[in-house]
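A short write-up of the structure that comes next.
Every chain is numbered from 1 and lettered A, B, ... according to where its sequence line falls, protein lines coming before strand lines.
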Protein chains: 2
Amino acid sequence: MSNAFVRHLSGYGHLDDTEKALLAGACRNLRELPAGAHLIREGDEPDPVFVILEGWACGYKILPDGGRQIISFMLPGDFCDIHIAILQAIDHSIMTLTKATVASLPRAEMEALIQARPMLTQAFWWSQLVDQSISRSWIVSMGRRKSVERVAHLMCELYIRMRNIGLASDHECRMPLTQLVLADALGLTPVHVNRVLRSLKAAKVMELSHGSLQILEPEKLAQIAGFDGNYLHERVHGFV
Amino acid sequence: MSNAFVRHLSGYGHLDDTEKALLAGACRNLRELPAGAHLIREGDEPDPVFVILEGWACGYKILPDGGRQIISFMLPGDFCDIHIAILQAIDHSIMTLTKATVASLPRAEMEALIQARPMLTQAFWWSQLVDQSISRSWIVSMGRRKSVERVAHLMCELYIRMRNIGLASDHECRMPLTQLVLADALGLTPVHVNRVLRSLKAAKVMELSHGSLQILEPEKLAQIAGFDGNYLHERVHGFV
DNA sequence: CGCTAGCTTGACAGCCATCAATTGGTGTGG
DNA sequence: CCACACCAATTGATGGCTGTCAAGCTAGCG
């Protein structure tokens, strides 16, 4: 009766059992996808709304010169651009980073839910606003943080997001990102990401290997990153 | 009976006269602000929704080290973060860049409009989605474009946005941004922005001086920028 | 046991930051 | 009308962070 999606939205508003059941029921159309599968490609006409139930995905854009910039990470429970359906064409692509199970909610059903349940509407809004807030925070990172700070900041963000959906504890969590993916997300080169990661490991601040993150010195990491989690607008705060 | 705000939203949905009148009527609470005035400061509790009727504003965040990163430009007709009211605290600041007149719509009135008029709801959504799309595009610029490309891309974006609200023509428009402001928006230093601007001028591609932009070779500028205006999701397309 | 994707390391180069100083334009006060 | 302050724009010199190129290395996997 509950899944990652329901739990995630519950964090954004006080949903009653009926609403939780409605959400869970909307997730009946499931797909198992391998890593590297596309949910949406740039230029597609939008129709269903996708929700990640298990696994990770990312949104990205390709530049004329072939370069790739990742613009968002999607974790279990996350929408893939709710309400993007209103626009005429998708302006970026979304692909899985791991094996993933994805629910596709028909647009009509989403709209019915919004009509029927104000509390769900609010939870959806909240979710979208948090996404927007994360985007803004990425702009700040890309514009004004150096490579070490940028890496540290992203690790803080992802750790907190994982913890908030119950997938992290003890400053440790799964982090299935190759250095190439990290580079494309951070606006760096894989080579440089590697160097930064090694330096953080050498300093015994954090370690990223075999697809999992271990934060050895949370306070130090947050300080390096200049991390202030407010932008995640979570009800539960705190990092250390 | 019409203002920049109404015209802007009309571009996002087919509003009838009643709806236009409702919007115009909502903008009765006006304020004249000088350049450099704050509409919202980080940490504020959100209440009214602000709309820029004349002049420019920008959203920004300050980093621990005192650096500033501008995360959005707001032009006449733009919302200042519609629906941010749902969150508990604002996570960034908004200030005017020029003398500006700003309308503040009480939150209750906004919600009443949404309840009463589905077409307005859709126009609001659209507007917010376009903002989000612009944020994503900024991430791409910051991450993967070099300084000249970044400057060129921003100029393309702002020119198109100005044109779409009827404030530009003949590849010329007002652009009241100091090189320091540009630097804070682009993640560069003022010194480097200056050099880039001079090189673009020397190449006779565009010229930015005395607060106005002149695009001498639109095609070349778009090519340098790798500009594809789709992300602005405008009904009227085309740059050249 | 070989293959392949991802990780690691070194050398070198270049873009952009930093520091410093000058110019120009505008508003203010004498 | 001029002196002055102040902000924005400009230019040069220098350095460092990060990109680029190239080559091994490791580990998982068929």
Send over the distance from [X] [atom1] to [N] [atom2], rounded to a whole Å.
| X | N | atom1 | atom2 | value |
| --- | --- | --- | --- | --- |
| B/Arg198 | D/dG12 | CZ | C1' | 14 Å |
| A/Met142 | C/dC16 | CE | C1' | 16 Å |
| B/Leu200 | D/dA9 | CG | P | 15 Å |
| B/Glu149 | C/dC15 | CD | P | 11 Å |
| A/Leu197 | C/dT8 | CG | C1' | 11 Å |

Task: Exceeds 12 heavy-atom contacts within 6.0 angstrom, atom CG of B/Asp170 - done: no
TODO: Evaluate whether atom CD of A/Glu54 has more than 12 neighbouring non-hydrogen atoms of other residues, nucleotides or ligands under 6.0 angstrom away.
DONE: no
So does [Y] get a backbone contact from the side chain of [X], meaning a donor-acceptor N/O pair under 3.5 Å?
| X | Y | answer |
| --- | --- | --- |
| B/Arg31 | B/Ala103 | no |
| B/Arg161 | B/Phe73 | yes |
| A/Glu149 | A/Lys146 | yes |
| A/Arg145 | A/Arg150 | no |

Open item on the list: With a 4.0 Å cutoff (strictly under), does any side-chain N or O of A/Gln179 reach OP1 or OP2 of C/dT8?
Closed with: yes
TODO: Return no unless some side-chain N or O of B/Asn194 is found under 4.0 Å from OP1 or OP2 of D/dA9.
DONE: no
Task: Between CD1 on residue A/Ile224 and NE2 on residue A/His153, distance to nearest 0.5 Å - done: 12.5 Å
Task: Distance-only donor-acceptor check, side chains A/Glu157 and A/Tyr231, under 3.5 Å - done: yes
Open item on the list: Quick test of your reading of the model: are A/Arg144 and B/Asp65 salt-bridged, counting only N-O distances below 4.0 Å?
Closed with: no
Open item on the list: Between the opening five pairs and the closing five pairs of the helix from C/dC1-D/dG30 to C/dG30-D/dC1, how far apart are the helix axes, to 10°?
Closed with: 30°
- [ ] Identify the heavy atoms of A/Gly36 and A/Met95 that sit nearest to each other, and give their distance.
- [x] CA-CE, 3.3 Å
- [ ] Using the side-chain contact (heavy atoms from CB on, under 4.5 Å) rule, pick out the option among B/Leu75, B/Thr98, B/Leu213, B/Leu167 that qualifies with B/Arg174.
- [x] B/Thr98
TODO: Could you list by number each residue of residues 61-75 of chain B showing a heavy-atom separation from DNA chain C of less than 4.0 Å, or answer none if no residue does?
DONE: none
Task: Nucleotide-resolved protein contact map, nucleotides 16-30 of chain D, B/S/- at heavy-atom distance under 4.0 Å - done: --BBBB---------
